[in-house]
Amino acid sequence: MGKEYLFIDEKEGLDRVDGKMKVTGKAKYAAEHHPAGLVYAILVNSAATKGRIKSIDTKKAERAAGVIKVITHANAPKVPGYENAPRTGGNPEKGPTLGQPLRIFHDDTIYFNNQPIAMVIADTLERAMHAATLVKAEFDTETFSTNLAANAAKGVPPSNAGRALYKRGDADAYKNAEVQVEQNYVLAREVHNPMELHSLVAIWDGDDKVKVYEKTQGVKSSQRAIMDAFKLPEANVQVIAEYVGGGFGAALRTWPHTIAAVLGAKAVKRPVKLMLTREQMFTLVGYRPMTVQKIGLGATKDGKLTGITHEAVAETSMYEEFTEGTVNMSKFLYECPNVNTVYKILPLDISTPTWMRGPGEATGAWALESAMDEMAYALNMDPIEFRLKNYAERDPERNLPFSSKFLKECYQKGAEQIGWFKRNRQPRSMQEDGWLVGYGMSTGTFGAGRGRASVRGTLSADGTMTIQSAVSDSGPGTATAMTEIAANRMGLPPQKIIFELGDSSMPPGPTQGGSTTTSTLGSAVVDVSEAIKKKMFELVAKEGRGFASAKYEDLSFSRGEISQANGRGAKIAYTELLRKNNLPSIEITLNSQGGNERDRYSMYSFSVHFVIVRVHPTTGVVRVHRAVGVSDAGKIVSRKTAESQAIGGVVGGIGMALMEDAVIDHRFGRYVNSNLADYHVPVHADVPKIEALFIDKPDPHTNPMGSKGLGEIALIGFAAAVANAVYHATGKRIRELPITPDKLTG
Ligand code: MOS
């Protein structure tokens, strides 16, 4: 064993509680469950992009060795939930309509290339894979469109336009400003490529009870989706996700392949495992949508913003409207009297996009923070000075105070760390080792939300405390952070805390998304810890022995003991207290949620990314040479996992800035780089030393820990910082991600 922690060193933080399980391979991921009688499913995908299945021949596949069943729209058992009216209107008789997830194997309609048209179930994985190649389909094809860039002008407002259409003051005021910037920024489609492929094992018990091991960021939401699809009561559906190999948003919702595997397991009356291939990950679990944006900025000659216009058009599928908050940060990040935002979507013959780390804001910050840099250069001002000149002390969108905002401190701390003000601001003025050198920075922000969570806390007479909640940990280290929170609140060493998660039969916890888990769940852990301490207080009050007249506030709960806070007088260990009362344990289950703070304050996390890039003058290769991120994420409750979050965000940001681009060949509507050889993500050699700094000041209003979310702001803005640094290095402004060498040499 490594070092034994008695109490947590706040500076260093706790080691990841499940780290050893993960690195030794003992942690079991969804596809590693092998119940008796397990069989294997493989999806067969459409070669057509739009139209109908004319015929599908499964005979050869059915006759192949080991094949148990081949399911297509022609023979698929009915999914009762598919017959429901779609949530957002439309006629359920006419197949899936806007607003309803793809109904897998429901009918013969093809909405996108690689849509599943059949599923082969066989006794081994290899036999299923082989038989899948024997399924032959013919299609009646129709003309299709998969090209956002060529059709962005055809974008339409989403039906839930909500916050997306916004105006204060005059629209397009930038057009009358002394200094103007008006530019378009293009974000390439980024596909989810977590290490763990989406997979599940579905096990039916009779005809009306099912247990599913699944990769999901929300065991409760996945349970709900399966309950709805198969019309089963909550008690009859159990979803387990003890470990998740990276989520980033792809596992926030239940995708059609999950319904397919559950349906298949029921049909063959055997447990079924389905794991998507890497290629299928490109079309079946969402992606960050390609988005075309226009930013118009107007400023006075001395650098006061007078107008911000932010327009975005993003791609979506023909059967669902996916929307995100791409333009939202432009409304409140800077003090400016005239702001207008427009957000549109363009339905195309592609699969549905989804949230990806920093959803919306990562896309929006790329455009806004690039334009802010362009304006700073147009004004001949330092980009930080320009931002400080337009700093919003209050939220100008809602006209409310921020619950906390230490963005100024982020600018200062990061600038100092990277030596910002020592650089020569002139573009293409710095060189090292034969490379052009550039400095860039950008701001990030994301809402600091808190939802509702239930937890069960059990303090046992053996001195351990177990906490359970039906959440899943897609990687940030939730169990570790919760252990730290509970240890601090309970006055117990962290090794006495056992945090259990990943099972829908536990008290309902939140889906892990939107940087809210620590805030939501941590608050519930605080509440249950306090409730257990109050219960112990009732017991000690009965106990007498110097505690009889003590008030709760006068007691200290520390090192597993209750004592008078002044250090004098009575003292009793939790274990002794429970034993004396003949209690094997104290168990409390409670539900926790915030009050009306959100009506009184605007709650956001903030980050600033600084990078130094090196650009090769001949080849145009860009290397991120150094990255410094400073986060205002409130009080940091778990130092090591927070640093890992910040570092992971930067690695994702390097991919977004320099590499990731899921390319569709618009002649065929088909991806041409749907594998990890052709779709580039950063590897170790692409990642420099990343310095993750925190302001670490508590927010008095977000939650009892004073924390704010961190996962999203770790990425949001990073791509703009790189683009800005590339401009500083080369004098060339790149407005289309990713910044590949051809764009710098062409
Ligand atoms: Mo994240 S996009 O909230 O999983």
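Quick caveat: nothing in here was measured; it's all calculated off a predicted structure. The analysis underlying the following values was restricted to heavy atoms, covering all of them including side chains, and did not include hydrogens, waters or symmetry mates. Remember, it's 1-based here, ligands and their atoms both numbered in the order they're listed.
Checked against salt bridge (Lys or Arg N to Asp or Glu O under 4.0 Å), Lys211 has no partners two or more places apart in sequence or in another chain. For Ala149, the side-chain contact (heavy atoms from CB on, under 4.5 Å) test picks out Asn147, Met290, with sequence neighbours left out.
Cation-pi check for Lys22 over Tyr243 is not met; the charged atom does not lie both under 6.0 angstrom from the ring centroid and within 45 degrees of its normal.
The salt bridge (charged side-chain N to carboxylate O under 4.0 Å, His left out) analysis of residues 348-358, with sequence neighbours excluded, yields the pairs Lys50-Asp349.
Under the 3.5 Å distance criterion, the side-chain polar atoms of Ser199 are matched with a main-chain donor or acceptor of Leu197.
Ring-centre distance between Phe282 and Tyr679: below the 6.0 Å cut-off.
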Which pairs of nitrogen or oxygen atoms, taken one from ligand 1 and one from the protein, are under 3.5 angstrom apart?
unit_1	atom_1	unit_2	atom_2	d
ligand 1	3 (O)	Gly514	N	2.4
ligand 1	3 (O)	Glu712	OE2	3.1
ligand 1	4 (O)	Gln217	NE2	2.8
ligand 1	4 (O)	Gly249	N	2.9

